[in-house]
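Everything on this sheet refers to the single structure shown next.
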Amino acid sequence: MGLRICLVTPFAWSQPHDVNEHVAGVAAELRPLGHSVTILASSNRARDLAAGRRALLDGLDAELVVLGPAVPISRRSRIGVPVGARANLSLALALGRFDVVHGFEPGLPSLSYLALRDAQALSVATFVSPDRLAYPPGRAQRERLLARLDALVATSDETAVGAATRFPGTYTVVSPGVDLALFEPRAKRNVVIAEWRPAERALTRSILTAMEEVPDWELIFLRTKPLTGRPTIPRAFRDRISVRAARDGESRAPLFADAAIFVPALDGLGRVSLEAAAAGCAIAAPPGTKLQPELGGAELARLAEDDAFRERRQREARDRAAGQSFEAVAHDLDRLYRSLAGRRRTAREVDPLADRDWILCDLHMHTSWSHDCTVDPADLIMYAEAVGLGAIAVTDHNSLGGALETAELASGRDLVVIPGEEVKTDGQGEVIGLFLQEEIPRGLSFADTIAAIRRQGGFVYVPHPFDRLHAIPDPATLHKHLADIDIFEVYNARLLFEGYNDEAVRFAGKYNLMVGAGSDAHVLQGVGTGALRMRAFDGPDEFLLSLRSAQVLRRPRSLVYLQSLKWVAQAKERVR
């Protein structure tokens, strides 16, 4: 079954760009695999803008949807995306109902970054150049974006290493991709193509020196970037050297088809070298060329003088490129997309306990068994009943004693007490175990803590997962253990910033996780300020069934007031 896939490029579709070529080539090959693929982009062509408006009005039934005019972007830019384009992006993501949103170069302030930040779908980020990694500037923003990414992709090992410095994680490396039919080689002539960069004078000098040794060869300096000027051609070479500008594959294909040798720039486009290899050019880029540019010229001279060596290198280049077609890249991404689809849990049946009464359940609170709380278990029971709670989970820090004591005191009453423990892991935040019988020691790894909960038949509850003012699991840990999470806390009444709860709501909705809510109360007055409205249950199995139709109830009180009460209680305890 095909997926609905959205590819988002940060660069203007009206201008040639290596990222846009990658996006277009991948989209063309994903569609034959059964996927519905929509490209979202910006453009300064009037017809593209008009077609984009029509596509949004018609329900996004188009392969390319232009969301607004393009603005200059770079790693030094902070211009941002126009308001109208942002609104159109939100509309497109809502209309598309995509299974996967795939943004390219999200390290720039662009549509790609916004799409990955706001998407409710599974999200994939591809990094093409390590030079485009300056955004978002703040660490918290980067961590928030990283938490929303399901997969990281790079188009080279070098880019993966560079990207991992700001967006750490495991990268899938794919080829930039090439159209093998477009770059079909022809009979070769004595022509050398060199990708030119104005700052790479040493390489240019070595190429000109090599050309002196092979007087029957021609040289083309290829300009692949705009606004880079033109190389100065010595008078003695003016009948053998020309300069050509070719910023896209279609304009480069006829040049490479006839050329025998290609000399890549030290800081050139990876796509251009791949295109030259596909066209059967021998690549003059021996190891160490970046440190010693003169090696590039020496390799050029050797290739031009030795026909057998040159022909062998041409065959090797063509063979390497044969496995890097857009079709091969599309198959790699298809496997990646389908592996991610298993992360999202299937929709659950609605209200399996429809014949039961509704109760209020607070799944996160503390007693005097926690080091930072003075609430007596007996007082907790009376207060919980007084505020109308039908069930509570007592989850003391690294202690099960308070939960067991509260459960024993509540025996025979209408209030259901779930024994739990909020366990501090070894550097990956906290995990709550519900329905426990034995205390779990602090300091275990995230995985070992989960295993300890499972051995008791308990449920794994992840509290305040995005509260960056406390220790929390990093994005990689959350994604790695998605299948192990039974309940995901989407509302914690004690969080200073409501945006942390909103982030949890978005995350749980994305993966169809079972949601939880709690007051995280450390004083009686906080009990019940966060809860679930759920069906009455009897035992762990019915508890999970009841969660399927549970509704989050927010009854917040002033956090300053509650925190003040906590500090006063702790001060009194120290005086005693």
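What you see below is based on every heavy atom in this structure, not just the backbone, and it leaves out hydrogens, waters and symmetry mates.
For the atom pair CG of Leu495 and CG of Asp520, the computed distance is 7.5 Å after rounding to the nearest 0.5 Å. Rounding to the nearest 0.5 Å gives a distance of 8.0 Å between CG of Leu524 and SG of Cys373. Interatomic distance, Arg343 CZ to Asn512 CG, rounded to the nearest 0.5 Å: 14.5 Å. To the nearest 0.5 angstrom, Thr9 atom OG1 is 10.0 Å from Leu40 atom CG. Atom-to-atom distance recorded for Ile381:CD1 and Leu389:CG is 12.5 Å, nearest 0.5 angstrom. Separating the CG atom in Leu116 from the CG atom in Leu146 is a distance of 11.0 Å, to the nearest 0.5 Å.
Distance alone, capped at 3.5 Å, places no donor-acceptor pair between the Arg554 side chain and the Thr529 backbone. Of the possible polar contacts, one joining the Thr425 side chain to the Gln428 backbone as a donor-acceptor pair under 3.5 Å is found. Side-chain atoms of Thr165 come within 3.5 Å of backbone N or O of Gly162 as a donor-acceptor pair. Not a single donor-acceptor pair under 3.5 Å links the side chain of Asp396 to the backbone N or O of Ser399. A donor-acceptor contact shorter than 3.5 Å is absent between the side chain of Ser546 and the backbone of Ala536. Between the Arg455 side chain and the Ile450 main chain, no donor and acceptor come within less than 3.5 Å of each other.
Annotation: side chain of Pro463 is in contact with side chain of Glu422 (closest heavy-atom distance under 4.5 Å). Using a 4.5 Å heavy-atom cutoff, the side chains of Ile432 and Val462 are not in contact. Looking at heavy atoms from C-beta onward, Glu105 lies in side-chain contact with Val19 at the 4.5 angstrom threshold. Val329 has its side chain within reach of Leu333: a pair of non-hydrogen atoms, C-beta onward, lies under 4.5 Å apart. Counting heavy atoms from C-beta outward, Val431 and Ile453 have side chains that approach closer than 4.5 Å. Residues Tyr461 and Asp486 fail the side-chain proximity criterion, which asks for heavy atoms closer than 4.5 Å. Looking only at side-chain heavy atoms (C-beta outward), Ile39 and Val23 come within less than 4.5 Å of each other. The closest side-chain heavy-atom distance from Thr172 to Asp332 is not below 4.5 Å.
Considering all non-hydrogen atoms of both residues, Ala92 and Leu56 come closest at CB-CD2, 4.0 Å. For the pair Pro475 and Ala147, the tightest heavy-atom approach, listed with the atom from each and the gap, is CB-CA, 3.5 Å. A pairwise comparison of heavy atoms in Arg413 and Met382 identifies NH2-CG, 4.5 Å as the closest pair. Here the closest heavy-atom approach between residue Ser112 and residue Phe104 is recorded as OG-O, 2.8 Å. Nearest heavy atoms, Pro419 versus Ala403: CA-CB, 3.7 Å. Taking each heavy atom of Glu489 and Gly518 in turn, the nearest pair found is OE2-N, 4.0 Å.
No side-chain donor-acceptor contact under 3.5 Å links His17 and Asn20. Between the side chains of Thr449 and Lys424, no donor-acceptor pair is found at a separation under 3.5 Å. Using modelled atom types, one finds a donor on one side chain and an acceptor on the other under 3.5 Å when comparing Ser445 with Asp448. A donor and an acceptor atom, one from each side chain of His102 and Thr126, are located under 3.5 Å apart. Between Asn398 and Glu421, the side chains place no donor N or O within less than 3.5 Å of an acceptor N or O (distance only, hydrogens not considered).
Between His366 and His397, the ring planes are parallel. Angles under 30° get that label, and only those over 60° would be called perpendicular. The aromatic rings of Phe543 and Phe459 sit parallel to each other, their planes meeting at less than 30°, with 60° as the upper class boundary. Taking the six-membered ring where tryptophan is involved, the planes of His464 and His364 are tilted, since the angle between them lies from 30° to 60°.
Here the options are Leu469, Ile472, Asn492, the test is side-chain contact (heavy atoms from CB on, under 4.5 Å), and the partner is Tyr500; only Leu469 passes. Put simply, the residue from Tyr491, Phe497, Phe507 that forms a ring-ring contact (aromatic ring centres under 6.0 Å, His included) with Phe466 is Phe507. Of the residues listed (Asp372, Thr367, Thr374), the one engaging His522 in a side-chain hydrogen bond (donor to acceptor under 3.5 Å, both in side chains) is Asp372, and it is the only one.
A salt bridge links Asp150 with Lys510; the closest basic N to acidic carboxylate O contact falls under 4.0 Å. Salt bridge annotation for Arg338-Asp334: present, with a cationic side-chain nitrogen under 4.0 angstrom from a carboxylate oxygen. Between Arg535 and Glu542 no salt bridge is recorded (no basic side-chain N to carboxylate O distance below 4.0 Å).
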Output, in order, the C-alpha distance, side-chain angles, deciding distance and verdict of side chain to side chain donor-acceptor pair (under 3.5 Å) for Asp362 and Ser519.
CA-CA 6 Å; Asp362 185 339; Ser519 62; 2.6 Å; yes
